[in-house]
Amino acid sequence: MNAEQKLDVIIVGAGFAGMYALHRMRALGLKTKVFERGDGVGGTWYWNRYPGARCDVNSMEYSYQFSDELQQNWSWSEKYAPQPEILEYANHVADKFDLLRDINFGCNITSLHFDKNSSLWQCTTEKGELFYSRYCIMATGCLSKNNIPDFPGLGNFRGEVLHTGNWPQKGRDFTGKTVGIIGTGSSAIQAIPLIAKQASELLIFQRTPSYSIPARNEAMDKKYEAKIKAEYSTFREDNSRRYAALNNNPNSVSALEVSEKERQTEYEQRWEAGGLPFLASFNDLAINIEANETASKFIQGKIREIVENQSVADLLCPSTIVGCKRLCVDTDYYKTFNRKNVSLVDVANHPIEEITESGLKTSAGEYEFDYLILATGFDAMTGALLDIDIKGLEGKRLKDKWQDGPKNYLGLSVSGFPNLFTITGPGSPSVLANMIVAIEQHVDWISDCLKHLEKHSYQVIVADEAAEEKWVLEVNRIADQTLYPEGCNSWYTGANIPDKPRIFMPYLGFPSYVQHCEHVARNNYEGFKLS
Ligand code: NAP
């Protein structure tokens with residue numbers, strides 16, 4: 001092994017997690033390289049360039065807080081930042097902190113094997129290069145492996161097939177074209193209104209309708225920006241004490257404690273204000289089915305008000321639990337169904353049978369279009385990790401270890417896989433918290449942990465199997481108090497991927513999660529073996 005190949009830390013992924021991890025590892029004086037399959041930084045925001053892609057978290061919150069200079073000097077143009085601006089921000093951070101020189105772009109990692117004798121990870125790239133490192137940090141993202149359903153005939157389609165999660169860099173002009181889109185989750189809901197304005201005809205193939213709340217996006221209110229910047233650290237600190245680390249104005253009363261009129265007023269106000277805080281309208285929407293039904297009825301009422309054709313409105317009205325699948329946030333989604341060039345096709349009752357040369361065939365009919373867009377989501381949270389052949393102690397594969405579900409400790413570490421850390425892994429708040437806040441908390445924890453190991457000359461840290469078992473039970477215990485694990489086929493549980501083990505993956509509750517992590521670190525990394 002030559003000096004180039006020998007590293008202290010390998011980081012996989014140059015999204016927001018990998019970038020910040022690189023910054024922190026350098027500060028520890030560790031020789032670090034990031035391997036990124038894309039040709040630029042930004043992760044999710046690098047790949048998801050479909051029309052209308054934007055964040056559903058307020059811009060003043062969806063950004064790094066580790067550098068006050070960075071957060072003071074950057075200005076967002078809109079309440080919810082559009083994808084190009086978030087990507088610009090990622091590039092700005094990469095330049096400001098001189099990150100690019102340690103990132104290998106266009107570089108896919110195929111395997112990571114731990115060697116017990118040397119306590120090193122051996123990393124192989126798709127091109128056959130080899131690197132060795134003491135630590136591995138998996139910053140592979142929660143929504144980074146596209147779900148491409150196994151539709152018969154997909155390869156026969158003569159037009160272009162696009163996936164929202166791998167959108168062409170130059171975009172596509174749909175003017176005068178017919179477009180078919182499969183899926184009606186967050187990505188489709190953002191893309192549909194814009195594609196409908198461009199395409200001559202848009203066919204939307206819906207299996208399960210989603211609940212969507214208007215974003216009410218607008219230009220950044222400069223007074224609000226100045227107010228937040230004047231007290232940014234307090235604002236961040238207050239938010240990190242909230243359930244999802246988001247400033248979502250939670251209401252502490254039950255939906256069932258108030259009168260019908262008060263309930264409607266609360267929902268109306270939240271609908272007018274827009275966005276994800278709708279879920280915080282009452283304190284029991286996630287735990288009480290009757291309370292949840294009141295929110296469901298309210299949104300259904302809105303859909304029926306907006307959509308003129310009532311049989312289309314009926315199809316668009318979900319009957320599932322609100323919040324069980326990720327709540328969507330839109331601009332003019334429901335209104336788009338009043339356009340003459342837009343049709344909704346029900347593929348729940350009439351499933352897609354095959355993709356044909358010119359379109360697709362359901363059990364009810366055939367449809368033709370020039371472009372097929374798959375807005376079919378992701379093999380979430382575990383997909384990108386398991387795409388890499390990861391072998392730990394005794395040559396045990398992560399894929400085998402996780403065949404019944406992603407067992408790990410704190411969503412940060414897996415027993416049998418020493419010195420390997422996952423950022424926002426399953427078993428951590430991740431997608432059910434403000435992602436950037438969750439990322440920074442994980443990277444800071446890992447960085448403190450490595451500092452501790454270096455200081456005490458430990459070579460190896462590995463999670464105990466017993467601590468891992470206990471953690472998995474804890475994640476499930478909390479999830480089982482809610483309506484989410486059993487309430488729908490969501491990607492939170494892996495139910496969107498055939499044969500994926502069904503287990504509720506995120507940990508619910510950012511503040512209590514942080515307490516767990518701090519407790520573990522304070523108690524000499526309780527639940528880990530250090531040697
Ligand atoms: P998604 O929520 O998983 O939605 C996928 C859609 O494809 C669903 O409507 C699903 O229907 C449909 N689908 C999948 N396989 C199908 C099949 N074989 N036949 C017919 N329909 C099929 O994926 P997404 O919209 O890409 O969003 C994923 C997550 O990314 C979101 O939940 C969110 O966390 C994040 N995201 C966030 C934003 C934002 O910040 N605003 C934007 C986009 C995405 P079923 O429901 O029936 O399975």
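What you see is a predicted model; the values in this text were computed from it and never measured. Positions are given from 1 along the sequence. For ligands, and for the atoms within them, numbers begin at 1 and follow the listed sequence. Keep in mind that the numbers below use all heavy atoms, side chains included, and drop hydrogens, waters and symmetry copies.
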Geometric class of the H516/Y507 ring pair [parallel <30°, tilted 30-60°, perpendicular >60°]: perpendicular
Aromatic contact, Y243 with F510 (centres under 6.0 Å): no
Where ligand 1 meets G183 - atom numbers and elements under 4.0 angstrom, heavy-atom basis: 6 (C), 7 (O), 9 (O), 12 (C)
Close aromatic pair by centroid cut-off 6.0 Å: F282 and Y267: yes
Ligand 1 contact on A375 by region, counting heavy-atom pairs under 4.0 Å: backbone
Proximity flag L143 to ligand 1, non-hydrogen atoms under 4.0 Å: yes
Residue pair Y50, Q190: steps toward the side-chain contact (heavy atoms from CB on, under 4.5 Å) verdict: CA-CA 9 Å; Y50 59 84; Q190 289 186 326; 2.6 Å; yes
Atom indices of ligand 1 within 4.0 angstrom of P149 heavy atoms, with elements: 15 (N), 18 (N)
Numbering as shown, the atoms of ligand 1 that approach C55 to under 4.0 Å (heavy-atom distance): 40 (O)
Centroid-centroid distance, F66 to F97, less than 6.0 Å: yes
Atom 1 (P) of ligand 1: nearest protein contact (heavy atom, Å): G377 CA, 4.1 Å
Test of proximity, Y50 against ligand 1: N or O pairs below 3.5 Å: no
Cationic tip of R339 above F337 ring, under 6.0 Å, 45° of axis: no
Criterion salt bridge (charged side-chain N to carboxylate O under 4.0 Å, His left out) on K145 and D387, from CA distance to verdict: CA-CA 9 Å; K145 179 177 179 179; D387 265 358; 3.0 Å; yes
Ring centre gap for Y367 and F205 strictly below 6.0 Å: yes
Heavy atom of the protein closest to atom 10 (C) of ligand 1 (residue, atom name, distance): R207 NH2, 4.5 Å
Y513 ring center within less than 6.0 Å of H442 ring center: yes
For atom 47 (O) of ligand 1, closest protein heavy-atom neighbour: T208 OG1, 2.4 Å
Proximity of Q190 to ligand 1 by residue part, where a heavy atom lies under 4.0 Å: side chain
Close approach of F151 to ligand 1, heavy atoms, under 4.0 angstrom: yes
For R326, the ligand 1 atoms whose distance to one of its heavy atoms is below 4.0 Å: 32 (O), 33 (C), 34 (O)
Any T184 heavy atom less than 4.0 Å from ligand 1: yes
Atom 2 (O) of ligand 1: nearest protein contact (heavy atom, Å): G185 CA, 3.8 Å
Minimum side-chain heavy-atom gap I423-I446 below 4.5 Å: yes
Distance from atom 21 (N) of ligand 1 to nearest protein heavy atom, with residue and atom: I182 CG2, 3.7 Å
Ring center gap for W74 and Y89 short of 6.0 angstrom: yes
Test of proximity, W45 against ligand 1: N or O pairs below 3.5 Å: no
Protein heavy-atom partner closest to atom 39 (C) of ligand 1 - residue, atom, separation in Å: R54 O, 3.4 Å
Within 45° cone of W45 ring axis and under 6.0 Å: R54 NZ or CZ: no
Under-4.0 Å heavy-atom contact with ligand 1, by part of F205 that carries it: neither
Nearest-contact summary for atom 29 (C) of ligand 1 - protein heavy atom, Å: W491 NE1, 3.7 Å
Atom 31 (C) of ligand 1: the protein heavy-atom neighbour that sits closest, reported with distance to 0.1 Å: S186 OG, 3.5 Å
